[in-house]
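Each chain gets a letter, A, B and so on, in the order its sequence line appears, and its residues count up from 1. Small disclaimer: the values here were computed from a predicted structure and weren't measured.
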2 protein chains.
Amino acid sequence: MKSDPLSAAFAALADPTRRAMLTRLCEGEATVNEIAAPFDLSLPAISKHLKVLEGAGLISRGRSAQFRPCRLKPGPLKDVADWVERYRRFWDESLDRLDNYLKEIQHKERSDDA
Amino acid sequence: MKSDPLSAAFAALADPTRRAMLTRLCEGEATVNEIAAPFDLSLPAISKHLKVLEGAGLISRGRSAQFRPCRLKPGPLKDVADWVERYRRFWDESLDRLDNYLKEIQHKERSDDA
DNA sequence: TAGATAATTAACTTAATGGTGAACTAGATG
DNA sequence: CATCTAGTTCACCATTAAGTTAATTATCTA
């Protein structure tokens with residue numbers, strides 16, 4: 001993994017387990033065991049995933065008693081969104097082209113029917 | 001790397017070299033050597049990066065003579081944008097909170113002055 | 001045909017990732 | 001104090017990633 005923050009964010013998001021963890025944290029703070037519950041993974045594996053998310057700045061962790069509650073830190077998600085947004089015109093254009101193509105096809109088929 | 005398309009897209013984007021390649025392709029089609037030029041990397045390394053991008057569906061490659069021109073295929077970028085967008089309210093909220101916090105601080109400092 | 005150019009494939013090294021079980025730390029509670 | 005709960009760290013293993021040089025394929029051109 002490269003060390004720049006944006007690369008770290010993308011790398012952290014490249015794992016479906018970690019994305020699911022973030023989705024879970026949308027509902028609010030959760031302990032490690034709560035986060036672990038849906039996954040068929042050992043606790044050390046969960047702990048490592050959380051460390052990756054924390055390293056990317058996507059979550060932060062507190063302490064209360066023997067719990068280490070995690071919460072979402074959306075900063076890097078905004079950076080990812082900003083980076084990707086610069087390409088919006090391309091997919092908008094592509095969809096336009098697809099749309100035009102489909103219309104063209106339909107038009108042609110209608111002419112064929114006639 | 002996980003095999004689902006969204007994970008593949010995030011993983012492909014987790015490398016600054018590959019992100020720079022995509023940025024280059026915003027300007028239009030380019031050959032492998034053109035893409036390689038700005039980087040201090042061997043051609044096989046470039047070739048591998050392009051294969052990762054192609055595998056993630058982020059570029060497509062044609063052929064004309066001995067050239068293999070690459071072009072941007074923005075589909076997966078839209079999927080990434082869609083995934084990340086679901087978190088927008090969180091960073092908006094955070095910025096709101098930061099904004100409120102800063103206003104509070106300023107207000108407090110003003111009271112201190114008084 | 002011979003050789004130059006564009007790019008990929010092969011074989012290999014090194015480092016990082018993702019997982020495990022076992023041992024450990026910290027705090028709550030009988 | 002003894003023990004249970006929450007979670008991390010350690011030591012290890014298998015797989016994948018990212019890079020290299022050398023060899024190979026495909027196409028154009030003298």
Which listed nucleotide (D:dG7, D:dT8, C:dA7) is nearest to the side chain of A:F67? D:dG7
Distance in Å, A:R61 CZ paired with A:K51 NZ, rounded so as to fall on 0.5 Å steps: 7.5 Å
In whole angstrom, what separates B:I59's CD1 from C:dA7's C1'? 13 Å
In terms of heavy-atom contacts, A:R18 and A:A11 come closest through NH2-O, 3.2 Å
Can a side chain N or O of B:R68 be found less than 4.0 Å away from OP1 or OP2 on D:dA26? no
Apply salt bridge (charged side-chain N to carboxylate O under 4.0 Å, His left out) to residues A:D82 and A:K78 and explain how you reach the verdict. CA-CA 6 Å; A:D82 287 346; A:K78 173 162 172 34; 3.1 Å; yes
Can you check the B:Q66 CD to C:dG3 C1' distance for me, whole Å? 13 Å
Between CD1 of A:I35 and CG of A:L50, what distance do you get to the nearest 0.5 Å? 5.0 Å
Classify A:T17 by what it touches in the nucleic acid, base, sugar-phosphate, or nothing, heavy-atom distance under 4.0 Å. nothing
Contacts of A:A45 and B:T31 projected onto DNA chain C by closest heavy atom; the upstream (5') one is B:T31
What class does the angle between the rings of B:F10 and A:F10 fall in, given that below 30° is parallel, 30 to 60° is tilted and above 60° is perpendicular? tilted
Candidate nucleotides C:dG19, D:dA18, C:dA7, ranked by approach to the side chain of B:N33 - the nearest: C:dA7
Just compare D:dA18, D:dT9, C:dA28 and give me whichever is closest to any side-chain atom of A:A65. C:dA28
Atom-to-atom span, CG of B:L50 to C1' of C:dT9 - whole angstrom: 15 Å
From CG of B:D15 across to C1' of D:dT16 the rounded distance in Å is 14 Å
Residue-phosphate contact under 4.0 Å: B:K51 side-chain N/O, C:dT9 OP1/OP2: yes
Check whether any side-chain heavy atom of B:L72 lies under 4.5 Å from a side-chain heavy atom of B:L58, and answer yes or no. no
In this structure, how many angstroms lie between the C1' atom of D:dT20 and the CD1 atom of B:I46, rounded? 13 Å
Main chain of A:E34, side chain of A:T31: is a donor-acceptor contact present, judged purely on distance under 3.5 Å? yes
Between B:K48 and B:S64, who's closer to the 5' end of DNA chain D by nearest nucleotide? B:K48
Taking only the side-chain nitrogens and oxygens of B:R61, find out if one of them lies under 4.0 Å from OP1 or OP2 of C:dT8. yes
Quick check on D:dA17: is either OP1 or OP2 less than 4.0 Å from any side-chain nitrogen or oxygen of B:H49? no
Residues in contact with DNA chain D, drawn from residues 35-44 of chain B - heavy-atom cutoff 4.0 Å: B:L41, B:S42, B:P44
d(CD, B:E29; C1', C:dA6) in whole Å: 15 Å
Taking only side-chain N and O atoms of B:R63, does any of them lie within less than 4.0 angstrom of OP1 or OP2 on D:dT27? yes
